[in-house]
Structures are given as C-alpha cells and as structure tokens.
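First up is the structure itself, then whatever we jot down about it.
Note: hydrogens, waters and symmetry copies are ignored here, and every other heavy atom, side chains too, is used. Because the structure is predicted, anything quoted here is derived from the model rather than measured. The chains referred to below are lettered A, B, ... by the order of the sequence lines, with proteins before strands, and numbering in each begins at 1.
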Amino acid sequence: MEYVIEMLNIRKEFPGIVANDNVTLQVKKGEIHALLGENGAGKTTLMNVLFGLYQPEKGEIRVNGKPVKITNPNIANELGIGMVHQHFMLVDPFTVTENIILGKEPSKAGKINIKDASKKVRELSEKYQLSVDPDAKIKDISVGMQQRVEILKTLYRGAEILIFDEPTAVLTPQEIKELMLIMKSLVNEGKSIILITHKLKEIMEVCDRVTVMRKGVGIGTVNVSESDPNSLASLMVGRDVVFKTEKKESVPTDVVLDIDGISVKDARGIQVVNQLNLAVRAGEIVGIAGIDGNGQTELIEAITGLKKTINGSIKINGKNIQNLKPRKISESGVGHIPEDRHKHGLVLDYSIGENIVLQTYYQKPFSKTGVLNYSKIYDQARNIIAEYDVRTPSEYTPARALSGGNQQKAIIGREVDRNPDLLIAAQPTRGLDVGAIEFIHKRLIEQRDNGKAVLLISFELDEILNVSDRVAVIYEGEIVAIVNPRETTEQELGLMMAGSKRMEAGDKSRG
Amino acid sequence: MVKKMFGLLIPVLSVVLGLLAGAIIMLVSGYNPVDAYMALFFGIFGDSYFLGEAIRTVTPYILAGLAVAFAFRTGLFNIGVEGQLIVGWLAAVWVGITFELPMLIHLPLAILAGGLAGAVWAFIPGLLKAKFRVHEVIVSIMLNYTALHVTNYIISYVLTDKLDKTNNIFETATLRSPLLSGLTDGSRLHWGIIVAIICAIIMWFILEKTTTGFELKAVGFNQHASEYAGMNVNRNIMMSMVISGVFAGFAGAMEGLGTFGYASIKSGFTGIGFDGIAVALLGANTAIGVVLAAFLFGGLKAGALNIPVETPIPNEIVDIVIALIVFFVASSYFIRWILNRINKKGVK
Ligand SMILES: Nc1ncnc2c1ncn2[C@@H]1O[C@H](COP(=O)(O)OP(=O)(O)O)[C@@H](O)[C@H]1O
Ligand SMILES: [Mg+2]
C-alpha cells in the first residue's frame, strides 16, 4: 500500500490535557481523506503536528514512506505539505500576488519581480479553475476568494499534500459547492487532500476515506463508500444521533411578531430590506431561508432595535416596538441569539456568569439600587450551566476560554431562560458539531411547544427544513415565498432563494 | 493564588531591574550606586519630615493613577489627565479664594469644584468620541495644552492683575493640617492622602460592585455585544471619561488646596498627569494596585530629591535612574513574557 502521509501512534499533550492520544492517520496518494471529530476532538492539533507547529511527544511521521522529523513549517513546506488554516493568514491591504509570494519573494538583483509572480499565480489559478484575480487587494475580495488565495499560496510553494482545516465553516452554500469542485480538480492533478470537518454531508460527497477522532483518540478509518452519515455520526459522538429532530405538529395561535412593510438601509445607505412583511405566531417556528446578503442581518437588526427602519411597523403582541431602544425591545419579550457570537453575543473577557446576566444585570435579583449581587448572579449562572450542559471549569471562567459550542450553549441558555415571547435565532448552530446542533434544535422546538414564537435565520437548508414549521424565503430584502417545509425540496428552495421563482407572498406571509 | 503571586512579582521585578540598570549607569559614570540608593532610602524613610513629604508627593499620583486606570479599565486611554488636573487645580483654588464660608461647606465645595472642572475637561473628548468617533487620545492631548494656557491666562488676567500667582486660599478651604505637619517635623503633609484613599475605594466599588461599572467595563471590552445587550454605548463612553476626569480634577485640587494653597502660572506641565499613566500600568489598573504603585512612584520621586544632597551625583543621573525604573515597569509585558517562558519550562 502506497501512503503519502503516515502519522503513526501520535501523542500530543498540552498542560492538563491530552489533545492527541495514539492517533494514526494514513493518507493515500490522490485521495481526499476526511478527518472527522467533534469540536475539541484534537483535529487541528494533529494537523499542526503534521505541519511542524507542534512537536509530538510520541509517534512517528512518514512522508512517502520515509520517516521524517518536521520541526517547523518550513520543513513541512519542503516536504510538500501545505495548510489552509481555519483562520486565514492574509495581509489585507496587499494584493493577492503579494500575499502569495510573502516570505518567498522571487527577486532579481534584490528587486522583487512582481510581474513574473503575478503571471505564475494566474497560471495556477487557471489550472485549478480558481478564478482568482492576482492583482486584486485582499480587503476587496470575498471570504470565499480569500480562501482560494490560501489554496494558491500552498500550491505556489509546491504543495503536494493539502490540509484544509474546516474550510466550509465560513462559506456560503454556493461557495461550498465550488470548493468541492476545486478539491476534486486538485486530486485529479495528483494532489492529496486532508479535509477536516464535522459536516457529514461534505464527507459523503467528496471524500474517499475518513478517519474519526473522539476526545483526542483515533477511533479508526473507514471507506466512505461503505459507510453512511448515521454510522459516522455515532462513531464521532460515541452514541446514536438523531438527525431528524422529533417534533409534534405545531399549534400556532396568536400573532406575536407582526412586521408590516418595513424598509431598512445598510451601513452604506443602500436599502436592503424592501417593504418586507412577515408574521410569526405563538407556537410556531418560522425559518428564513436565503443566500447571505439578502437583508437577513438588517432584518434582525431592525426587529431588535439596532437599526432604524424607514417605514411600516413592527409589533410584538400588538404593541409597536419600531425604532425603540434595544433594551426596551428586549424588555417587551424579544430574545436574540446573534449571528456572530464573539462580536455580539458575548463579552469574551467577562466570566460566563457575567455573560449570563449581560442583559438583566440591572434587574432584581441581580442588582439592587445599582449595586450588583454577585452571589445571585453566579447562582443563576450555575443553573444555566447545569440546565444547558455548558461545559466549563466553573462559572467564573472567562467566556473566551470556552469552546464555540459551549459558548453558544451559554448564549442559548441565557436567551431561552428569559422565556421571551419571540426568540430570534440567527445561525444558531454555525460551526458546531452534530451533538451540539441536536441539542440546540431540541431547545428551539421546546420553546415552540411552550407556546412561544421562534424566528430562525440560517444559511443551512437542512436546518431550515428540519426545524421550521413554515419557511419564508428572503430575496433582495423581500419575502418572496412562504412554503411548507414538508412540501418543498432543497432544490426548489434553492431556486427561490436565487430569485428565479417567486410566489405571491403578500398575504400568505401573514400566516 | 499562584496567579496573584505572579501579578505581584512582575512590578517588583520591574523595580528591581530598574534599580539594577540604574546602578550600572551610575557605575559607568563613576558614582557609587550604594551611596545613591542609601540616600534614596533615607530620603523616604530617613526621618519623619522626609516621610511626610513622600506621602504628600504620593497623593496626586494616586488620583492621577486612578484617573488613567479607570479609563483604561473601561476601554479608553485618557492621556488628558494632565490638563484635567491643571483645570481642577485652578477651579479648586478659585473657589478657595473667592468665597467666605464655614469650612464644613467651603472645603468640600472647593474639592468638588476641582473634580467638576476635571470632569468638564474630560467630557469634551468623551463627547467627541461618542458622537463623532474622534479618538480620545488626540483630543485630550490638545486639551492638555489648552488647559495650560487658559489657566495661565485666567491667573494673570482674571484672578489677578498680571501677577504670576493667585492669592492664598482662605483657611476654610485648606487641606493643610498643623497636626499632620507637626507630626512630620514641619512637612507639607496634608489631608489629601485621605481623599485619595477614599477615591481608590470609590473606584474599586464602582468597577467591581455596581451596575454602572458592569456596563462601563462591558462597553470597554466589546461595544458591539454591549449594544446588543441593550446598553447605551455612547453614554457609557462619556460617563467613563467624566469619572476619570473627576479623579484627575481631584488630583489638581489636592495640589491647590493642600500642597501649595494657591495656583500659579506654569511654564510647562506638572508631569503628574503623565506619570499617572506609569502608575496605572505599574498598578495593573486596579485600585489597590494604583495606590501601591503611587506609593512606590511618589516615594522614589520624593526620595530622589535627597540623592544630590547627600552624594555628588547630579540631578540628571537621578532622573535617568527614575526613568529606567519607569521603563522597566512599562515594559512589564516583556518581563511577563520571560516569566511565562520560565514557567512553561517548569511544567515540562
Ligand atoms: N495551544 C494549546 N494549548 C492548550 N490546549 C490546547 C491548545 N490547542 C488545543 N488545545 C486543546 O486541545 C484540545 C483539542 O483541540 P483542537 O485540536 O483545536 O480540536 P479540534 O480542532 O478537533 O476542534 C482541546 O481541548 C483544546 O482546548
Ligand atoms: Mg479545529
């Protein structure tokens, strides 16, 4: 058997934790090999070992059958290993070409030869159908394009083995499709790929074999063709996982959120929500499906009071809340799980306890006449931590120290515990593993069953179809269709999201 | 516990390194560092007069340090403490020379006037930052100069007829105390140290115990999340600057009502406002840390005055030694890094 990469019985420890425990990964030439595991399973660590960023305590690495010591990333580069990091490492004001040659500038008599480099980048881009403009500035191109620049960077340095660390977490569904094609064209040219992910769909779609990790331990390697999402999920989580979240028929009652003809401008002053109508009733989950940038963010900001609307009205339980201050709206019974949990959901330097009372610190019993009652605050934190299974060393731990899934559970606990009449959940499961996703979906449905209204915004069609009772399709700032998730398909939704299919939505959107 | 020790270790190490570097400078220049440090020590603890003067020096350092630290903790860099201190000084003296009131009213009124003036001076950068996102550093640096020249003008053209200092404040507005002075062999020690300590307790209380402090710190850490959580970001930015300015104004009031008893034309800055930055850094921006750091800093400054008196070492070298200590304190990041390295090795 011919392996390009062999990592044998790797062990890597961090103070107090074994991140990799006896993990073996063998990658064949020309295959796409998935590395699957929950958040914190140790995937990134294992790849950092391969890339020379960490030294393993035990184990052996072989490249093309030869044992090697990879003590720094330069050696990895020389061995033909390239890594597309989870967080891009690009210099914003520089052009694509400048970024690619950074650290390996081709020079003639001490002068950097940008023209040749740019030409070479263009050739590479064409060869793998990346359609990257070598002269564009990084700050002007989309996240998806930036990722391709990272790919080009590794190719330019002669990588034969490419490591992708959760590349799809930051991409839109369309960009994900394109990335899959790019990966296929890379292996067709003889490259080998290690793809880190916890999305089973992606593995089924492009990968040849998959190695599963759980809590630092290598569980084993299986052929994708002989496997299915269910068995992979239970390998990864260590128990059976339900994909189709069980739920009863919804029993919608009174209208809780009533949006009538609002328009919103974005930061550049362009109107991105246009005369939008939408109603959400108590006891139902309405999912908003749409491609990123069709006014979803601004719609949420309008409801929660972070952005001014120009006309129409927004009512909660019949009371107009349009253009009120965020605090007033929150007090009117609106809870909000924000899209960007680091930017908007948490004060990362505050403890988990302090974050739990981020909106309610000024109310009793958390404070009285302006003085905080920390023992009550941390009591509440302990309740939420227990009830929402937030894995944290303690309630005093800074939010920054928690994994993404646990941060999200804390936010969800905070919002759901306030028992809002309307819960807005924006991308609530982005970047989370199946275990956490399952948990969060259950909580949303529970809210609905308790007679609350839930508005779910997601780019994941699976999630929209799985969780919602009604699906509203947003396109260019309007709700262009309202459909029953059981009577539609991803294909149909996709067409509507792209604006090519429009249904008379005016009245129907009011439920 | 280990962390706390670590936190204490860094400033102590900084000072030790500073003293060592200072010793090298003195050796190279042909002076005896042992003599110098003996004189320094004596200049602080040698007799009760020196001790009184040292504590007096510490007073405005505590308040200036609190001003800087408070702004830092809430995400702002108030480099305008110097200007706020100068206007606070003048405002306090102004009340002190203008009104005739019983002490119970006059003295608090004069102190509050100083705090209010500092608050107004700090409110300007706060407002500009909140409304127009103008960086507070730029505005408050410029306001330092404005404060210097405006107060000079007021002293010579409004409060006096082209004199270079105001009248002395009335006895009812003074912080001076024959008792404290007597205890310390006639030093200028005054009640200001009590005011400073009370302010440190107030700062700790606001930041750690109140909803106001909770909001201020949250906005300082993450404006976006604070806005999402329903806090008024702009109001908090202004509030933070105003509170910081009150501390700075009090620092000036202590000088005006305690140390000097008048306000005089200044050819340049007092430097206390800028030293406040070093004090805040050294004190890790906590109330108790600032008090300790101010004692160290003020002690060194006061004690250093004794070095040229008892040794042949010139003033300039003394300034260099003090500056080196500040340098090492300011580069405590570097020291933290080294300690971390050593610690890691220890774990392995
Ligand atoms: N530099 C580090 N220092 C200490 N612990 C780390 C470090 N990097 C990762 N870990 C820990 O190792 C474990 C595995 O992390 P990681 O490899 O990032 O997981 P994954 O990529 O599978 O989500 C986690 O518990 C994480 O907290
Ligand atoms: Mg990872």
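Ring orientation note: the planes of His344(A) and Tyr228(B) are close to parallel, at an angle under 30° on the 30°/60° scale.
Both the backbone and the side chain of Leu358(A) come within contact range of chain B, judged by heavy atoms closer than 4.5 Å. Of the two parts of Glu331(A), neither the backbone nor the side chain holds a non-hydrogen atom closer than 4.5 Å to a non-hydrogen atom of chain B. For a residue to count as touching a neighbouring chain, one of its non-hydrogen atoms must lie under 4.5 Å from one of that chain's; by this rule Phe366(A) does not touch chain B. For Glu208(B), the part lying near chain A is the backbone, with the side chain staying farther off; criterion is any non-hydrogen pair under 4.5 Å.
No other option in Ile329(A), Leu306(A), Val371(A), Asp340(A) has as many heavy-atom pairs under 4.5 Å with chain B as Leu306(A).
More than 12 heavy-atom neighbours from other residues, nucleotides or ligands sit within 6.0 angstrom of NZ on Lys139(A).
Closest of all the heavy-atom pairs between Val334(A) and Pro420(A) is C-CB, 3.8 Å. Of all heavy-atom pairs between Leu423(A) and His336(A), the closest is CD1-N, 4.3 Å.
Gln380(A) places no side-chain N or O within donor-acceptor distance of the main-chain N or O of Lys376(A), the cut-off being under 3.5 Å.
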